[in-house]
Structure formats: C-alpha cells, structure tokens
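Below is one structure, written out as structure tokens; the observations come after it.
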2 protein chains.
Amino acid sequence: MSVAHTAVTPQVGAQPPIGPCGEDDCGIRGVLDRLGDRWTVLIVVELAKGVRRFRELQRAVPGISQRMLTLTTRRLWRDGLVERTVHPTIPPQVEYRLTATGRSFAEVVAHLAEWSAVHKDEIARSRERWEADHGQL
Amino acid sequence: MSVAHTAVTPQVGAQPPIGPCGEDDCGIRGVLDRLGDRWTVLIVVELAKGVRRFRELQRAVPGISQRMLTLTTRRLWRDGLVERTVHPTIPPQVEYRLTATGRSFAEVVAHLAEWSAVHKDEIARSRERWEADHGQL
DNA sequence: CCGAATCCCGCCCGATACTG
DNA sequence: CAGTATCGGGCGGGATTCGG
C-alpha cells in the first residue's frame, strides 16, 4: 500500500505521488500503513505491557502466523518503535520491547481504541439501519 | 496539543487496558480498517474543512478514482460519519458533510496526523539506518 | 526457539466504459 | 455531475517447509 513505493514503479498513468496532502498529511501515510494492517496494533498493545519474547508474542496474539509476526516486528524494529535484543543462548532467545517512540505510538493507539470503544455501538447501529434501507455495500 | 503530555497512565479510563480485544473486535478493528485504506483519511480531512460535493472531493484528493471515491464516501455514510444530501437538480448535485460523530473522528485523525508529523523524520532516519545495516525488508 | 524461503489464493483497488 | 458495471494486476498474508 505504500504510496512512496508505487512512485518508484513507472506506471502508465504516471501519477506523481498522491501526497499534495492538503497541507498536513505528508508523514501520516506511513503511520496509517502500519495501523491498517491486521497485526501491528495488537503487537504494540501487547508490548505496551512489557518485554516479550517471540513465542510469547505469538501466544499473546492468537491467529498470527510466524511469517506475519516476523514481518510485523521487523517493520516496527526498522522504524525505531521497537528494540530487538538477541541473547545468543541455546536455544536462542529474542526480546522485543517498545522504544520511547514506540511507547508514544502506543498512546496514540490507546486513544484510538478508546474512541472505537465509545463509538462502536453507534456505528454498528448506523450500519445496520443503512443496510436495512439500502442493501449491502 | 502535545500528545506526549497526555501520557499519564493511558488506561485509566474504563475497562482494563485494551485487553479484551485479544484478537477480535472491541470495535477498533473496524476503525483501523477505515484508517488503513488509502483514501478515507484524506476524504475526512477534506470534509473537516466544510461541505463538499462529489467533484470537489475528487479534485481535492488527486489520484482517487470515481470508484474509490464512491466506495469511500458510501462507507462513511453507512457508518454514520458522513451525511449525504441529494439535490434533485439538473445536473444532479450531492453534498457530503461530516456528522457529529464524523467530526469527532476527524479529531482523532488530526491527532494521528500530528503524531505523524512530529515523528516522521525520526522514523525516516531510523528506517534509513536500518536499511543501511540490514537490507531491504 | 527464532526465524527465512516458497507457494498460492483472495480482495483491494486502478483503469475503463456506460447510464441518468 | 454523480454515479454504476466489469475486468484484471498486485500484494497482503496464510500454510508449509527448511535452516541455525
């Protein structure tokens, strides 16, 4: 979904990066890309509780595959939201913990969760009514 | 409006942290799904400035297709974040405006944008350094 | 235990054409 | 102007297998 990435690819439409962004959207896409995927938020929420090892994360987030757990933690690590510590023991042991930036991000996520909790019923009702009048989307 | 200042024990509110979300909705998934897609945020940001007609939205958000503009506004309408008014004139004229809930949502988005703006450089640098050491993801 | 590498399917979204 | 209908490519992400 990365906008910046698609800009690299020579495309037929040759549309420049869509980020004229009114005035205030320019860094937000990268953040939204992480919020958008299914797992990042859950991982961040779990890490907000404390240091976690790979397996612990996987158990804490039921349904996530090894692949996606690796990808998600890797991206968070790359972006400096998560710190990754390898203990060269046998068997190997890898710990993940939020950085300062990561904790800041976790707060934003918490606010998001709060807003969702407050409005979810209202949204659900609106959606139900809408689909009763007009059909499925 | 520093986000950092609101840092005091995030989950003081109601309920345990964000716990019960475990894997499935406490409502947040639905919100994140909207935030995740490429267009919703841009539309909401534009509508936060005032009432807009279909074409106006399309011009304000360069790169969006008619199809995606329809889908995005339709979903926002369905979920009660946007109000849709049809004037049966010729040519037809349709106005979109945020509802109270929609404006509330727009505030959340604004906070998100603010956080992004504050941290985007830092994230970008972290990513650059990371990709210098290790390769592309 | 912690990953990397592959295969593969679903759906999101862009492009295009048509309608009232 | 404000949509609808349809086709097709890309990629997110699940399942599985192999390596250290």
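The sequence lines fix the lettering, A, B, ..., with proteins before strands; numbering per chain opens at 1.
- Of the candidates D:dG14, C:dG3, D:dG3, D:dG14 carries the atom nearest the A:Arg38 side chain, counting heavy atoms from C-beta on.
- For the pair B:Asp33 CG and D:dG13 C1', the computed distance is 14 Å after rounding to whole Å.
- Nearest approach of A:Phe54 to A:Gln66, heavy atoms of both residues: CZ-O, 4.1 Å.
- At the phosphate of D:dG14, OP1 or OP2 sits under 4.0 Å from a side-chain N or O atom of A:Trp39.
- Atom CD of A:Gln93 and atom P of C:dG3 are 11 Å apart (whole Å).
- In this entry the distance linking CD of B:Glu56 with P of D:dA2 reads 8 Å, nearest Å.
- Phosphate proximity of D:dC1 to B:Arg52: absent, as no side-chain N or O sits under 4.0 Å from OP1 or OP2.
- Listed nucleotides D:dA2, D:dG3, C:dC13 differ in distance to B:Arg53; the shortest reach to its side chain belongs to D:dA2.
- When the P atom of C:dC11 is taken as reference, atom CD of A:Gln136 falls 13 Å away, rounded to whole Å.
- Residues A:Trp115 and A:His111 place their aromatic rings such that the two centres sit no closer than 6.0 Å.
- In this structure, the side chains of B:Leu137 and A:Arg78 come closer than 4.5 Å at one or more pairs of heavy atoms.
- Checking D:dC1, C:dC13, D:dG3 against the side-chain heavy atoms of B:Phe54 singles out D:dG3 as nearest.
- When the nucleotides C:dG3, C:dC1, D:dG3 are ranked by their closest atom to the side chain of B:Arg74, D:dG3 comes out on top.
- At least one donor-acceptor pair closer than 3.5 Å links the side chain of A:Asp37 to the backbone N or O of A:Thr40.
- For C:dA17, neither phosphate oxygen OP1 nor OP2 lies less than 4.0 angstrom from any side-chain nitrogen or oxygen of B:Arg67.
- For A:Thr70, counting side-chain heavy atoms from C-beta on, the closest listed nucleotide (D:dG3, C:dG14, C:dA4) is C:dA4.
- A salt bridge links B:Arg52 with B:Glu46: at least one charged nitrogen is closer than 4.0 Å to a carboxylate oxygen.
- For B:Pro92, the side-chain atoms get nearest to D:dA2 when compared with the rest of D:dG13, D:dA2, C:dC1.
- Closest approach to the A:Met68 side chain among D:dA2, C:dG14, D:dG13 is made by D:dG13 (side chain taken as heavy atoms from C-beta onward).
- For B:Glu122, the CD atom is densely surrounded, since the number of other residues' heavy atoms within 6.0 Å is greater than 12.
- In this structure, of C:dG3, D:dT4, C:dC13, it is D:dT4 that holds the atom nearest to the side chain of B:Gln66.
- A distance-only check finds a donor-acceptor pair linking the side chain of A:Thr99 to the backbone of A:Leu81 [under 3.5 Å].
- In this structure a side-chain-to-backbone donor-acceptor pair under 3.5 Å is missing from A:Ser116 to B:Gly30.
- Note on A:Tyr96: every side-chain N or O is 4.0 Å or more away from OP1 and OP2 of C:dC2.
- Rounded to whole angstrom, the span from the CG atom of A:Leu71 across to the C1' atom of D:dG14 amounts to 12 Å.
- Comparing the start and finish of the helix from C:dC1-D:dG20 to C:dG20-D:dC1, five pairs each, the helix axis swings through 40°, to the nearest 10 degrees.
- If you measure from atom CD1 of B:Ile64 to atom P of C:dC12, you get 16 Å, rounded to the nearest angstrom.
- Between B:Leu137 atom CG and D:dC11 atom P the separation is 15 Å, expressed in whole Å.
- Between the CD atom of B:Gln58 and the P atom of C:dA15 there is a distance of 12 Å, rounded to whole Å.
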